[in-house]
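Step one of this worksheet: look at the structure below.
Proteins get letters first, then strands, A, B, ... in listed order; numbering begins at 1 in each.
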2 protein chains.
Amino acid sequence: MTTRLLSLALAYLSITGMLLAQKPPTRIVDLSYAFSETSVYWPTAEGFKLNADWEGLTDQGFYYTANSFAAAEHGGTHLDAPIHFAEGKSSADEIPLKRLIAPAVLIDLEGKVGDNADYQISVADLEEWEASHGQIPDDHILLFRTGWGRFYPDPLRYLGTARKGTEAVAELHFPGLHPQAAEWLVKNRKIAAVGLDTASIDYGQSKLFESHQVLFKAEIPAFENVANLQQLPRGGYEIIALPMKIEGGSGAPLRIVAVFR
Amino acid sequence: MTTRLLSLALAYLSITGMLLAQKPPTRIVDLSYAFSETSVYWPTAEGFKLNADWEGLTDQGFYYTANSFAAAEHGGTHLDAPIHFAEGKSSADEIPLKRLIAPAVLIDLEGKVGDNADYQISVADLEEWEASHGQIPDDHILLFRTGWGRFYPDPLRYLGTARKGTEAVAELHFPGLHPQAAEWLVKNRKIAAVGLDTASIDYGQSKLFESHQVLFKAEIPAFENVANLQQLPRGGYEIIALPMKIEGGSGAPLRIVAVFR
């Protein structure tokens, strides 16, 4: 009887499994800011520019519109490829897709970060989260919510400065991941990628970008300026983070969504 | 007994279902060409340009590289948003995500197209495919393989001309979807989006881009210059086609993949 029950259950499952494979997602949450003149870029980088090449009726009598655009790789919702801070590591076009399409967990630190623009997510923060919610699972994308997304795209509140140019870099203030926490993740866990709701994995006052260096040496890419993280629960969904496939790119505009199935 | 069996099967399924939701894809096929100087653009459009802003050691002693880039919206593997040929319809940032992440079917026409650079996929082609393989299912992404992908990125063979400028447009020769087939799809089926392995939904010799007009009026977006379609079977996978989220964009660079679960 047990055997018969099991085989019936398995048959049922295999039929359902086939149906599941063709089933559309139940819900998709867009975690990407749109690219426009207000997109947030590093003070030293060129912002996003759209040029209307045509808009309106053509001589042949039909409507047509098309644009050209230009930007730095690192602005708006974007990918940091490992090569950005680690020589010889993957560029934007080379990152294995299994790091970009994977189940995810979100560590929500809004309460701890509060209004502290110099907050760095610590090893203790990671250990405390795991004590409550279990170990960060292998091959998952790890998302951090600092709450800073609420200031996007106001550069003064989101970055700490609205000025442009090299001198403005010293004025950057926003939360990030402490280099020791990055080290801890690389040594103790096996994450696919990291993402967060600030302009950079390292906090605004970082001078050496050590969290970038540590993660990227381990081929772990980063997603920056991720939007709408307040709409995500702690887990139970897949993150799909597809960058523009720029050959040799150190980064790229990123379309990132959460899919519930 | 039947009730007990069913409830046991359902319990088993619900546990397995939870596990399935967290399971990574079994296989992912990249259907996107990388953006580089050789990316194929329309003769009248600006090609892709990458500018190295920095590459090498910084004054602080760590490695760093970053670039800027520029391009027309419509080149390489890209999205055509409905607004491209249909006033008031969705721009690149407005397309519902359920049209971009959906199960798909592939209609392989390589054998019929052969070397005919002026081939137009007809209503008869659609009906013949359905007679063998069943009706194109609702809310699926519909992919066409003409076989033209084998010529990418050689502009002379892929587009029919290697010249640039308005005069070169008359020299364009590549397969596409006949406007009557576009009409038939809009009237008789409920597709999420279309994609193909040529530079445009309308064939190279089109003057009025009627397939664009018909599909876009119905809010059906198009994916052009889709790569690696020879790697896909007829169905049983999900297409994920995420464009750069350009506010008001008539199109955008597109990262498109097929996911087997």
Got a sec: does the CZ of A:Arg234 have more than 12 other heavy atoms crowding it under 6.0 Å? no

With only heavy atoms counted, which part of B:Ala92 is less than 4.5 Å from chain A, the side chain, the backbone, both or neither? backbone

So what's closer than 4.5 Å to chain B heavy atoms on A:Glu73: side chain, backbone, both or neither? both

Give me the ring orientation class for B:His84 and A:Tyr64: parallel if the planes are under 30° apart, tilted from 30 to 60°, perpendicular past 60°. tilted

If you count heavy-atom pairs within less than 4.5 Å of chain B, which of A:Ser36, A:Gly76, A:Ala66 leads? A:Ala66

If you count heavy atoms of other groups shown closer than 6.0 angstrom to CD of A:Glu55, is the number above 12? yes

Which atoms of B:Leu50 come close to chain A, meaning under 4.5 Å heavy atom to heavy atom: side chain ones, backbone ones, both, or neither? side chain

B:Glu247/A:Phe35 under side chain to side chain contact (heavy atoms under 4.5 Å, CB included): CA gap, chis, key distance, verdict: CA-CA 6 Å; B:Glu247 191 175 296; A:Phe35 283 88; over 6 Å; no

Hey, is CD on B:Glu46 packed in by over 12 heavy atoms from elsewhere, all under 6.0 Å? no

Interchain contact, B:Phe209 with chain A, by part (heavy-atom threshold 4.5 Å): side chain

With a 4.5 Å cut-off on side-chain heavy atoms, are B:Leu57 and A:Glu87 touching? no

Which bit of B:Asp139 comes within less than 4.5 Å of chain A, counting heavy atoms only: side chain, backbone, both or neither? neither

Distance from B:Phe62 atom CZ to A:Leu208 atom CG, nearest 0.5 Å? 6.0 Å

Of the backbone (N, CA, C, O) and the side chain (C-beta and beyond), which part of A:Phe48 lies under 4.5 Å from a heavy atom of chain B, both, or neither? side chain

Among B:Ile101, B:Val257, B:Asp53, B:Asn51, which residue has the highest count of heavy-atom pairs closer than 4.5 Å to chain A? B:Ile101

Please confirm whether the backbone N or O of B:Ser32 pairs with a side-chain atom of A:Lys245, one donor and one acceptor, at under 3.5 Å? yes

Option in A:Gly248, A:Gly61, A:Ala72 with maximal non-hydrogen atom pairs under 4.5 Å from chain B: A:Ala72

When the 4.5 angstrom heavy-atom criterion is applied to B:Gln60 and chain A, the contacting part is both

Quick one: what part of B:Ala86 sits under 4.5 Å from any heavy atom of chain A, side chain, backbone, both or neither? backbone

Before you tell me yes or no, could you show the steps for B:Glu238 and A:Arg261 under salt bridge (charged side-chain N to carboxylate O under 4.0 Å, His left out), namely the whole-Å CA-CA distance, both residues' side-chain angles and the distance that decides it to 0.1 Å? CA-CA 12 Å; B:Glu238 181 174 73; A:Arg261 296 186 187 277; 2.8 Å; yes

For A:Gln231, does the CD atom sit with more than 12 other heavy atoms under 6.0 Å from it, leaving out its own atoms? yes

Heavy atoms only, distances under 4.5 angstrom: which of A:Ala252, A:Pro25, A:Ala34, A:Ala70 has the most pairs with chain B? Name it, please. A:Ala34

Backbone of A:Leu242 reached by a side-chain donor or acceptor of B:Arg255 within 3.5 Å: no

Which of A:Asp30, A:Ile256, A:Asp80, A:Thr65 touches chain B most, by non-hydrogen pairs under 4.5 Å: A:Thr65

Region of A:Pro96 that comes under 4.5 Å of a non-hydrogen atom in chain B: neither

Go through it in stages, so that I can follow the logic: the residues are B:Tyr63 and A:Phe85, the test is ring pair (Phe, Tyr, Trp, His ring centres under 6.0 Å), and I'd like the CA-CA distance, side-chain angles, deciding distance and then a yes or no. CA-CA 6 Å; B:Tyr63 176 88; A:Phe85 280 89; 8.6 Å; no

Taking the side chain as everything from C-beta on, heavy atoms only, tell me whether B:Lys23 gets closer than 4.5 Å to A:Pro103. no

Engaged part of A:Lys49 at the chain B interface, taking heavy atoms whose separation is under 4.5 Å: neither

When you look at B:Leu254 and A:Met244, which way does the side chain to side chain contact (heavy atoms under 4.5 Å, CB included) test go after all the steps? CA-CA 7 Å; B:Leu254 182 76; A:Met244 182 178 166; over 6 Å; no

Is A:Phe260 in contact with chain B via its backbone, its side chain, both, or neither, using a 4.5 Å heavy-atom distance? neither

Just give me the residue among A:Thr77, A:Thr58, A:Thr44, A:Leu97 that pairs up with chain B most often, heavy atom to heavy atom, under 4.5 Å. A:Leu97

